Amino acid sequence: MEGKIILITGASSGIGKATAEVLGDGKNKLIICGRRKDRLEKLRSQINGEVHILNFDVRDKKSVFDSISSIPDKLKNIDVLINNAGNAHGMDLSHEANLDDWDAMIDSNVKGLIYVTKAILPIMTKRNEGQIINMGSIAGFEVYPKGNVYCASKFAVDAFTKGLRIDLNKFNIRVCAIHPGLVETEFSMVRFKGDLQKSKKVYKDINPLNPFDVANAINYMINVPLRVTISDLTILATDQANATIINRK
Ligand code: 8X3
């Protein structure tokens, strides 16, 4: 199969990085985006084939649009957008949570994802082709204690994905979302602000997903025949039944 031009946000770590590593097969051309330039440069040196770096924060609207307009002409026709950037900040009861954490989650998981999509959509609608894969979560289907705004942000991703699929139906664009459960990455360290104990507890006595499990599923979503849209792919560790039922051994 011929390679594709694939843009990945949040590529400097976790699922985004693993996805770049899986998709960097020498045929695909990657545009890896993130806030941490040094990490992106290191990643580029490990990947096969053409890799272009875009160093921006999805929360910065101007920077999103400027960065995407700066993509060289030969890479402009983006075939696949992977909206992976996002995080959880804090896990507290609603009346005790920090409003700055709530802002950060809405700004990256919702507004950032919307900005990047808006910047790339004209490229896809003009060509009548393309694929968008949004990073949802099991938290976008089920609300769990102290999940409040993180869950709200992922419910928003689910609703936006469904809206996009309707609006883009005439444009031959595949609109997809992947919804992971527990994946062991820096996710919990960020959520718990570097508290290793709390972070370790999340994955304690279970066999969680690793970022490559998710990356391989994304690879599958891209490589099914063009007539097929994997609209939603929920991926859970076998030890996890839903957002709250977890089989700790
Ligand atoms: C990450 C999965 O269960 O921590 O989105 O919300 S969970």
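Basis for what follows: all heavy atoms, side chains included, without hydrogens, waters or symmetry-related copies. In listed order, ligands and their atoms are each counted from 1. Just so we're clear, the structure is a prediction, and the values are computed from it rather than from any experiment.
Shortest contact from atom 2 (C) of ligand 1 to any protein heavy atom: G181 O, 3.4 Å.
No side-chain donor from either of R165 and T229 sits under 3.5 Å from a side-chain acceptor of the other. Using modelled atom types and a 3.5 Å distance limit, the side chains of N83 and N134 yield a donor-acceptor pair.
Only the side chain of R191 comes within 4.0 Å of ligand 1, judged by heavy-atom distances.
Atom numbering of ligand 1 starts at 1 in the shown order; those under 4.0 Å from a heavy atom of A139 are 6 (O). Taking every heavy atom of I138 and a limit of under 4.0 angstrom, the matching atoms of ligand 1 come to 3 (O). Listed by atom number, the atoms of ligand 1 under 4.0 Å from Y144 heavy atoms are 4 (O), 6 (O), 7 (S). Proximity to Y150 (heavy-atom distance under 4.0 Å) selects the following atoms of ligand 1: 1 (C), 5 (O), 6 (O).
D57 places no side-chain N or O within donor-acceptor distance of the main-chain N or O of G34, the cut-off being under 3.5 Å. Between the side chain of N219 and the backbone N or O of A215, no donor-acceptor pair lies under 3.5 Å.
Counting only heavy atoms from C-beta outward, the side chains of K4 and N28 approach each other to under 4.5 Å. In this structure, R191 and S199 have side chains that are not in contact, with every pair of non-hydrogen atoms separated by 4.5 Å or more.
Residue contact annotation: A243 has no non-hydrogen atom under 4.0 Å from ligand 1. Not a single heavy atom of K154 sits under 4.0 Å from any atom of ligand 1.
Below 3.5 Å of separation, one finds an N or O of S137 facing an N or O of ligand 1.
For Y115 and F56, the ring centers are positioned 6.0 Å apart or more.
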